[in-house]
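What follows is one structure encoded as C-alpha coordinates, with my remarks underneath.
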Amino acid sequence: MPFKRDPSRQTVGERATSWLIQRPRRLRATATLREMVAETRLDARQFIYPLFAVSGQGRCEEIEALPGQCRRSPDLLVREAEEAWREGVRAVLIFGAPDSKDPEGREAANPAGSAQVAVRELKRALPELVVMTDVCLCAYTTHGHCGIVDENGAILNDPTLEVLADAAVSHAEAGADVVAPSDMMDGRVGAIRRALDGVGLTDTAIMAYSAKYASAFYGPFREAVDSAPQFGDRRSHQMAISNRREALREARLDAEEGADIVMVKPALSYLDIIADVRAALDRPVAAYNVSGEYAMVKATAARGWVDEKAVTLEILTSIARAGADLILTYHARDAARWLREQ
Ligand code: PBG
(Lines give C-alpha, C1' and ligand atoms only; values in the text may rest on other atoms or scores of the structure.)
Protein backbone atom coordinates (compact mmCIF):
# COMPACT_ATOMS: atom_id res chain seq x y z
CA MET A 1 0.00 0.00 0.00
CA PRO A 2 1.52 3.36 -0.98
CA PHE A 3 1.94 5.85 1.81
CA LYS A 4 -0.75 8.56 1.73
CA ARG A 5 -0.29 11.87 3.43
CA ASP A 6 -3.06 12.93 5.81
CA PRO A 7 -3.99 16.49 4.58
CA SER A 8 -5.23 17.47 8.03
CA ARG A 9 -1.72 17.07 9.42
CA GLN A 10 1.09 19.61 9.23
CA THR A 11 3.24 19.76 6.08
CA VAL A 12 6.84 18.64 6.26
CA GLY A 13 8.13 22.24 6.30
CA GLU A 14 6.05 23.12 9.35
CA ARG A 15 6.95 19.98 11.17
CA ALA A 16 9.84 19.23 13.41
CA THR A 17 12.00 17.98 10.47
CA SER A 18 12.94 21.54 9.47
CA TRP A 19 16.21 20.90 11.33
CA LEU A 20 17.06 18.20 8.83
CA ILE A 21 19.45 20.06 6.50
CA GLN A 22 21.95 17.30 5.73
CA ARG A 23 20.38 14.64 3.56
CA PRO A 24 23.03 12.25 2.24
CA ARG A 25 20.27 10.40 0.41
CA ARG A 26 20.04 13.25 -2.14
CA LEU A 27 23.14 11.90 -3.86
CA ARG A 28 21.81 8.36 -3.81
CA ALA A 29 18.58 9.22 -5.59
CA THR A 30 19.44 7.94 -9.08
CA ALA A 31 21.84 5.44 -10.54
CA THR A 32 23.54 8.21 -12.53
CA LEU A 33 24.16 10.32 -9.44
CA ARG A 34 25.41 7.32 -7.51
CA GLU A 35 27.88 6.52 -10.25
CA MET A 36 29.06 10.14 -10.40
CA VAL A 37 29.93 10.30 -6.72
CA ALA A 38 31.50 6.85 -6.51
CA GLU A 39 34.75 7.14 -4.55
CA THR A 40 36.18 3.86 -5.77
CA ARG A 41 36.02 2.53 -9.30
CA LEU A 42 37.13 -0.98 -10.03
CA ASP A 43 38.99 -1.38 -13.28
CA ALA A 44 40.19 -4.59 -14.92
CA ARG A 45 43.55 -2.88 -15.44
CA GLN A 46 44.10 -3.21 -11.69
CA PHE A 47 43.82 -6.97 -11.79
CA ILE A 48 46.64 -9.49 -11.77
CA TYR A 49 45.52 -13.00 -12.69
CA PRO A 50 47.41 -15.87 -10.98
CA LEU A 51 48.11 -18.86 -13.22
CA PHE A 52 49.73 -22.24 -12.51
CA ALA A 53 52.31 -23.59 -14.94
CA VAL A 54 53.21 -27.24 -15.52
CA SER A 55 55.45 -28.78 -18.16
CA GLY A 56 54.30 -30.53 -21.33
CA GLN A 57 51.62 -29.82 -23.86
CA GLY A 58 47.83 -29.86 -23.85
CA ARG A 59 47.77 -30.29 -20.08
CA CYS A 60 44.94 -28.69 -18.12
CA GLU A 61 44.47 -30.20 -14.67
CA GLU A 62 41.62 -28.84 -12.61
CA ILE A 63 42.39 -27.81 -9.05
CA GLU A 64 39.62 -29.20 -6.92
CA ALA A 65 39.79 -26.61 -4.16
CA LEU A 66 39.97 -23.74 -6.68
CA PRO A 67 36.91 -24.30 -8.86
CA GLY A 68 37.47 -22.92 -12.35
CA GLN A 69 41.29 -22.80 -11.98
CA CYS A 70 43.71 -25.26 -13.58
CA ARG A 71 47.36 -26.16 -13.81
CA ARG A 72 48.26 -25.63 -17.44
CA SER A 73 51.07 -26.44 -19.82
CA PRO A 74 52.55 -23.40 -21.62
CA ASP A 75 50.38 -23.75 -24.76
CA LEU A 76 47.16 -23.68 -22.74
CA LEU A 77 48.48 -20.95 -20.47
CA VAL A 78 48.96 -18.81 -23.54
CA ARG A 79 45.40 -19.50 -24.63
CA GLU A 80 44.06 -18.61 -21.18
CA ALA A 81 46.09 -15.41 -21.07
CA GLU A 82 44.91 -14.45 -24.55
CA GLU A 83 41.29 -14.81 -23.49
CA ALA A 84 41.93 -12.88 -20.29
CA TRP A 85 43.67 -10.14 -22.30
CA ARG A 86 40.65 -9.88 -24.60
CA GLU A 87 38.46 -9.44 -21.53
CA GLY A 88 40.64 -6.60 -20.26
CA VAL A 89 43.09 -8.33 -17.90
CA ARG A 90 46.56 -6.87 -18.41
CA ALA A 91 48.77 -8.86 -16.05
CA VAL A 92 49.32 -12.45 -14.92
CA LEU A 93 51.33 -13.96 -12.08
CA ILE A 94 52.94 -17.29 -12.90
CA PHE A 95 53.43 -20.05 -10.32
CA GLY A 96 55.59 -22.95 -11.42
CA ALA A 97 54.63 -26.49 -10.43
CA PRO A 98 57.80 -28.54 -11.03
CA ASP A 99 58.19 -32.12 -12.22
CA SER A 100 60.78 -32.84 -9.55
CA LYS A 101 61.66 -31.54 -6.12
CA ASP A 102 64.84 -31.65 -4.04
CA PRO A 103 65.75 -30.47 -0.53
CA GLU A 104 67.27 -27.21 -1.82
CA GLY A 105 64.62 -26.35 -4.39
CA ARG A 106 67.22 -26.02 -7.16
CA GLU A 107 64.59 -26.64 -9.84
CA ALA A 108 63.22 -23.18 -8.99
CA ALA A 109 66.09 -21.66 -11.01
CA ASN A 110 66.03 -24.11 -13.93
CA PRO A 111 65.89 -22.06 -17.17
CA ALA A 112 63.88 -24.94 -18.69
CA GLY A 113 61.49 -25.17 -15.70
CA SER A 114 57.72 -24.94 -16.12
CA ALA A 115 57.51 -21.29 -14.99
CA GLN A 116 60.42 -20.14 -17.16
CA VAL A 117 59.06 -21.88 -20.27
CA ALA A 118 55.60 -20.45 -19.61
CA VAL A 119 57.03 -16.93 -19.26
CA ARG A 120 58.91 -17.25 -22.54
CA GLU A 121 55.83 -18.47 -24.41
CA LEU A 122 53.58 -15.82 -22.89
CA LYS A 123 55.91 -12.97 -23.79
CA ARG A 124 56.28 -14.33 -27.29
CA ALA A 125 52.51 -14.60 -27.86
CA LEU A 126 51.49 -11.48 -25.92
CA PRO A 127 54.40 -9.04 -25.74
CA GLU A 128 52.24 -6.36 -24.09
CA LEU A 129 50.94 -8.63 -21.35
CA VAL A 130 52.65 -7.85 -18.04
CA VAL A 131 54.11 -11.16 -16.90
CA MET A 132 54.94 -11.50 -13.24
CA THR A 133 56.41 -14.55 -11.51
CA ASP A 134 56.18 -15.81 -7.97
CA VAL A 135 59.62 -16.41 -6.50
CA CYS A 136 59.64 -18.95 -3.67
CA LEU A 137 61.03 -22.40 -2.96
CA CYS A 138 58.03 -24.07 -1.28
CA ALA A 139 56.76 -25.72 -4.49
CA TYR A 140 60.29 -26.91 -5.31
CA THR A 141 61.53 -28.33 -2.00
CA THR A 142 60.75 -31.92 -0.98
CA HIS A 143 59.89 -30.67 2.53
CA GLY A 144 57.61 -27.89 1.27
CA HIS A 145 59.38 -25.11 3.16
CA CYS A 146 60.09 -21.71 1.60
CA GLY A 147 63.83 -22.03 2.13
CA ILE A 148 66.75 -24.34 2.69
CA VAL A 149 66.48 -26.09 6.07
CA ASP A 150 69.15 -27.40 8.44
CA GLU A 151 69.15 -30.85 10.06
CA ASN A 152 66.74 -29.62 12.74
CA GLY A 153 64.27 -28.34 10.17
CA ALA A 154 65.06 -24.67 10.80
CA ILE A 155 65.08 -22.43 7.74
CA LEU A 156 68.49 -20.97 6.87
CA ASN A 157 67.80 -17.38 5.88
CA ASP A 158 71.01 -16.29 4.16
CA PRO A 159 71.80 -19.42 2.10
CA THR A 160 68.17 -19.30 0.90
CA LEU A 161 68.70 -15.80 -0.50
CA GLU A 162 71.12 -17.16 -3.10
CA VAL A 163 68.68 -19.73 -4.44
CA LEU A 164 65.88 -17.15 -4.51
CA ALA A 165 68.09 -14.70 -6.38
CA ASP A 166 69.02 -17.41 -8.91
CA ALA A 167 65.33 -18.22 -9.41
CA ALA A 168 64.44 -14.55 -9.88
CA VAL A 169 67.23 -14.09 -12.43
CA SER A 170 66.05 -17.16 -14.36
CA HIS A 171 62.53 -15.72 -14.51
CA ALA A 172 63.77 -12.32 -15.61
CA GLU A 173 66.02 -13.87 -18.26
CA ALA A 174 62.98 -15.74 -19.57
CA GLY A 175 61.31 -12.36 -20.00
CA ALA A 176 59.35 -11.70 -16.80
CA ASP A 177 58.52 -8.02 -16.39
CA VAL A 178 58.13 -8.32 -12.63
CA VAL A 179 59.45 -10.86 -10.12
CA ALA A 180 57.51 -11.32 -6.89
CA PRO A 181 59.31 -12.91 -3.93
CA SER A 182 56.76 -14.55 -1.60
CA ASP A 183 59.12 -16.37 0.77
CA MET A 184 59.41 -13.72 3.53
CA MET A 185 63.14 -14.26 4.11
CA ASP A 186 64.92 -11.19 5.48
CA GLY A 187 66.87 -9.37 2.79
CA ARG A 188 65.46 -11.20 -0.23
CA VAL A 189 64.42 -8.02 -2.03
CA GLY A 190 67.91 -6.55 -1.73
CA ALA A 191 69.52 -9.85 -2.74
CA ILE A 192 67.27 -10.17 -5.80
CA ARG A 193 67.76 -6.52 -6.81
CA ARG A 194 71.53 -6.94 -6.64
CA ALA A 195 71.46 -10.21 -8.59
CA LEU A 196 69.25 -8.73 -11.33
CA ASP A 197 71.38 -5.62 -11.63
CA GLY A 198 74.50 -7.80 -11.65
CA VAL A 199 73.42 -9.42 -14.92
CA GLY A 200 72.19 -6.17 -16.41
CA LEU A 201 68.47 -6.75 -15.79
CA THR A 202 68.04 -3.34 -14.20
CA ASP A 203 64.58 -2.86 -15.68
CA THR A 204 62.99 -5.96 -14.18
CA ALA A 205 60.71 -4.73 -11.40
CA ILE A 206 60.21 -6.33 -8.00
CA MET A 207 56.81 -6.74 -6.39
CA ALA A 208 57.49 -7.81 -2.81
CA TYR A 209 55.06 -9.86 -0.79
CA SER A 210 55.90 -7.50 2.06
CA ALA A 211 53.19 -8.08 4.64
CA LYS A 212 52.52 -11.74 4.08
CA TYR A 213 50.74 -13.31 7.00
CA ALA A 214 50.89 -16.90 8.27
CA SER A 215 47.31 -17.40 7.13
CA ALA A 216 44.99 -20.40 6.96
CA PHE A 217 43.54 -18.90 3.79
CA TYR A 218 46.32 -20.39 1.62
CA GLY A 219 44.94 -23.94 1.92
CA PRO A 220 43.61 -24.41 -1.64
CA PHE A 221 46.79 -22.94 -3.15
CA ARG A 222 48.96 -25.54 -1.46
CA GLU A 223 46.91 -28.21 -3.19
CA ALA A 224 47.50 -26.43 -6.51
CA VAL A 225 51.31 -26.62 -6.31
CA ASP A 226 51.64 -29.38 -3.71
CA SER A 227 53.55 -27.08 -1.37
CA ALA A 228 52.14 -27.86 2.08
CA PRO A 229 55.02 -28.07 4.59
CA GLN A 230 55.83 -31.71 5.41
CA PHE A 231 56.61 -30.73 9.02
CA GLY A 232 56.07 -27.59 11.06
CA ASP A 233 54.49 -24.47 9.63
CA ARG A 234 55.43 -21.09 8.16
CA ARG A 235 55.27 -19.03 11.33
CA SER A 236 59.03 -18.58 11.59
CA HIS A 237 58.97 -16.32 8.51
CA GLN A 238 55.39 -15.30 7.65
CA MET A 239 53.87 -12.60 9.85
CA ALA A 240 51.71 -13.21 12.91
CA ILE A 241 48.07 -12.47 12.16
CA SER A 242 47.88 -10.34 15.30
CA ASN A 243 50.41 -7.75 14.11
CA ARG A 244 49.72 -4.45 12.43
CA ARG A 245 52.69 -2.15 13.08
CA GLU A 246 55.08 -4.85 11.96
CA ALA A 247 53.52 -4.78 8.48
CA LEU A 248 54.74 -1.21 8.04
CA ARG A 249 58.22 -2.22 9.09
CA GLU A 250 58.26 -5.04 6.53
CA ALA A 251 56.87 -2.82 3.76
CA ARG A 252 59.35 -0.02 4.50
CA LEU A 253 62.29 -2.42 4.57
CA ASP A 254 61.26 -3.91 1.22
CA ALA A 255 60.88 -0.44 -0.27
CA GLU A 256 64.35 0.52 1.01
CA GLU A 257 65.81 -2.67 -0.47
CA GLY A 258 64.33 -1.78 -3.83
CA ALA A 259 60.79 -3.10 -4.04
CA ASP A 260 58.87 -1.26 -6.77
CA ILE A 261 55.50 -2.55 -5.58
CA VAL A 262 54.65 -3.72 -2.06
CA MET A 263 51.99 -6.30 -1.38
CA VAL A 264 49.67 -7.21 1.47
CA LYS A 265 48.45 -10.79 1.64
CA PRO A 266 45.78 -12.05 2.25
CA ALA A 267 43.47 -9.16 1.39
CA LEU A 268 40.01 -9.52 2.86
CA SER A 269 40.95 -10.10 6.50
CA TYR A 270 43.73 -7.51 6.22
CA LEU A 271 41.99 -4.39 4.92
CA ASP A 272 43.39 -2.39 7.84
CA ILE A 273 46.91 -3.37 6.78
CA ILE A 274 46.24 -2.34 3.17
CA ALA A 275 45.03 1.07 4.38
CA ASP A 276 48.08 1.50 6.64
CA VAL A 277 50.59 0.58 3.94
CA ARG A 278 48.84 2.81 1.40
CA ALA A 279 49.05 5.77 3.79
CA ALA A 280 52.67 5.20 4.81
CA LEU A 281 54.41 4.42 1.51
CA ASP A 282 54.77 6.05 -1.87
CA ARG A 283 54.93 2.76 -3.81
CA PRO A 284 51.98 1.13 -5.55
CA VAL A 285 50.26 -1.24 -3.14
CA ALA A 286 49.05 -4.65 -4.27
CA ALA A 287 46.72 -6.92 -2.31
CA TYR A 288 46.36 -10.65 -2.82
CA ASN A 289 42.78 -11.93 -2.73
CA VAL A 290 44.04 -15.44 -1.93
CA SER A 291 42.90 -18.96 -2.72
CA GLY A 292 40.88 -19.49 0.48
CA GLU A 293 38.99 -16.24 -0.06
CA TYR A 294 38.17 -17.30 -3.61
CA ALA A 295 37.20 -20.85 -2.57
CA MET A 296 34.77 -19.52 0.06
CA VAL A 297 32.95 -17.46 -2.55
CA LYS A 298 32.86 -20.32 -5.06
CA ALA A 299 31.64 -22.86 -2.50
CA THR A 300 28.85 -20.70 -1.10
CA ALA A 301 27.80 -19.47 -4.55
CA ALA A 302 27.61 -23.06 -5.81
CA ARG A 303 25.02 -23.73 -3.09
CA GLY A 304 23.07 -20.64 -4.04
CA TRP A 305 23.74 -19.06 -0.65
CA VAL A 306 25.29 -15.88 -2.04
CA ASP A 307 25.18 -14.11 -5.40
CA GLU A 308 28.66 -14.80 -6.84
CA LYS A 309 28.86 -11.71 -9.04
CA ALA A 310 27.58 -9.33 -6.36
CA VAL A 311 29.78 -10.64 -3.54
CA THR A 312 32.86 -10.84 -5.76
CA LEU A 313 32.52 -7.25 -6.95
CA GLU A 314 31.80 -6.15 -3.38
CA ILE A 315 34.94 -7.89 -2.11
CA LEU A 316 37.14 -6.48 -4.88
CA THR A 317 35.71 -2.99 -4.41
CA SER A 318 36.39 -3.21 -0.67
CA ILE A 319 40.01 -4.18 -1.32
CA ALA A 320 40.41 -1.23 -3.70
CA ARG A 321 38.61 1.11 -1.28
CA ALA A 322 41.02 0.11 1.49
CA GLY A 323 43.84 1.40 -0.71
CA ALA A 324 45.01 -1.36 -3.03
CA ASP A 325 46.15 -0.07 -6.41
CA LEU A 326 46.52 -3.59 -7.75
CA ILE A 327 44.55 -6.72 -6.87
CA LEU A 328 45.76 -10.26 -7.42
CA THR A 329 42.68 -12.38 -7.83
CA TYR A 330 41.51 -15.70 -9.27
CA HIS A 331 38.25 -13.84 -10.06
CA ALA A 332 40.12 -11.60 -12.54
CA ARG A 333 38.52 -12.91 -15.74
CA ASP A 334 34.99 -13.09 -14.34
CA ALA A 335 35.29 -9.69 -12.70
CA ALA A 336 36.68 -8.09 -15.87
CA ARG A 337 33.75 -9.49 -17.82
CA TRP A 338 31.20 -8.33 -15.23
CA LEU A 339 32.69 -4.83 -15.14
CA ARG A 340 32.43 -4.60 -18.89
CA GLU A 341 28.77 -5.69 -18.82
CA GLN A 342 27.86 -3.04 -16.24
C1 PBG B 1 54.35 -19.33 -1.91
C2 PBG B 1 53.01 -18.72 -2.03
C3 PBG B 1 51.81 -19.05 -1.36
C4 PBG B 1 50.84 -18.25 -1.92
C5 PBG B 1 51.44 -17.43 -2.85
N6 PBG B 1 52.79 -17.72 -2.89
C7 PBG B 1 51.52 -20.09 -0.36
C8 PBG B 1 52.14 -20.11 0.96
O9 PBG B 1 52.81 -19.17 1.39
O10 PBG B 1 51.98 -21.14 1.61
C11 PBG B 1 49.36 -18.29 -1.57
C12 PBG B 1 48.45 -17.86 -2.67
C13 PBG B 1 47.02 -18.20 -2.43
O14 PBG B 1 46.63 -18.76 -1.40
O15 PBG B 1 46.23 -17.91 -3.34
N16 PBG B 1 55.03 -19.13 -0.75
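Counting starts at 1 for both ligands and their atoms, following the listed order.
- If you look at Cys136 next to ligand 1, the close heavy atoms, those under 4.0 Å, all belong to the side chain.
- Near Phe95, meaning under 4.0 Å from one of its heavy atoms, ligand 1 places the atoms 5 (C), 6 (N).
- For atom 15 (O) of ligand 1, the nearest non-hydrogen atom from the set Tyr209, Phe221, Tyr330 belongs to Tyr330.
- Inspection of the Glu293 and Tyr330 side chains reveals no N or O donor paired with an N or O acceptor under 3.5 Å.
- At a 4.0 Å cut-off, not a single heavy atom of Ser227 sits close enough to ligand 1 to count as contact.
- For the pairing with Arg71, the salt bridge (charged side-chain N to carboxylate O under 4.0 Å, His left out) check across Glu61, Glu62, Glu80, Glu64 returns one residue only, Glu61.
- Side-chain contact check for Asp99 and Ser55: at least one donor-acceptor pair (N or O, by modelled atom type) lies under 3.5 Å.
- The CZ atom of Arg59 sits 8.5 Å away from atom OG of Ser114, with the distance rounded to the nearest 0.5 Å.
- Annotation: cation-pi pair Lys265/Tyr218 present, NZ/CZ under 6.0 Å from the ring centroid and within 45° of its normal.
- Nearest residue to atom 9 (O) of ligand 1 from Lys212, Gln69, Glu293 is Lys212 (criterion: closest heavy atom).
- For the pair Tyr294 and ligand 1, no heavy-atom separation below 4.0 Å is found.
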Starting from the C-alpha separation in whole Å, work towards a yes-or-no answer on side chain to side chain contact (heavy atoms under 4.5 Å, CB included) for Lys298 and Leu66.
CA-CA 8 Å; Lys298 295 304 263 191; Leu66 283 178; over 6 Å; no
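- Of all atoms in ligand 1, numbered sequentially from 1 with element shown, those under 4.0 Å from a heavy atom of Lys265 are 2 (C), 3 (C), 4 (C), 5 (C), 6 (N), 11 (C), 12 (C).
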For Arg188 and Asp183, run side chain to side chain contact (heavy atoms under 4.5 Å, CB included): C-alpha distance rounded to whole Å, both residues' side-chain angles, the deciding distance at 0.1 Å, then the answer.
CA-CA 8 Å; Arg188 77 269 164 79; Asp183 53 286; 3.3 Å; yes
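- Heavy atoms of Asp134 found under 4.0 angstrom from ligand 1 belong exclusively to the side chain.
- Applying the 4.0 Å criterion to heavy atoms of Arg222 picks out, from ligand 1, the atoms 8 (C), 10 (O).
- If you look at Phe95 and Phe221, their ring centroids are closer than 6.0 Å.
- Using a 4.0 Å cut-off to heavy atoms of Ser182, the atoms of ligand 1 that qualify are 1 (C), 2 (C), 6 (N), 16 (N).
- Using a 4.0 Å cut-off between heavy atoms, Ser291 contacts ligand 1 through both its backbone and its side chain.
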Check step by step if salt bridge (charged side-chain N to carboxylate O under 4.0 Å, His left out) holds for Glu39 and Arg321.
CA-CA 8 Å; Glu39 296 178 39; Arg321 189 194 61 228; over 6 Å; no
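- Interface of Cys138 with ligand 1, defined as ligand atoms under 4.0 Å from a residue heavy atom, comprises 1 (C), 16 (N).
- Using a 4.0 Å cut-off to heavy atoms of Gln238, the atoms of ligand 1 that qualify are 8 (C), 9 (O).
- Atoms of ligand 1 found under 4.0 Å from any heavy atom of Tyr288 (numbered from 1 in listed order, with element): 12 (C), 15 (O).
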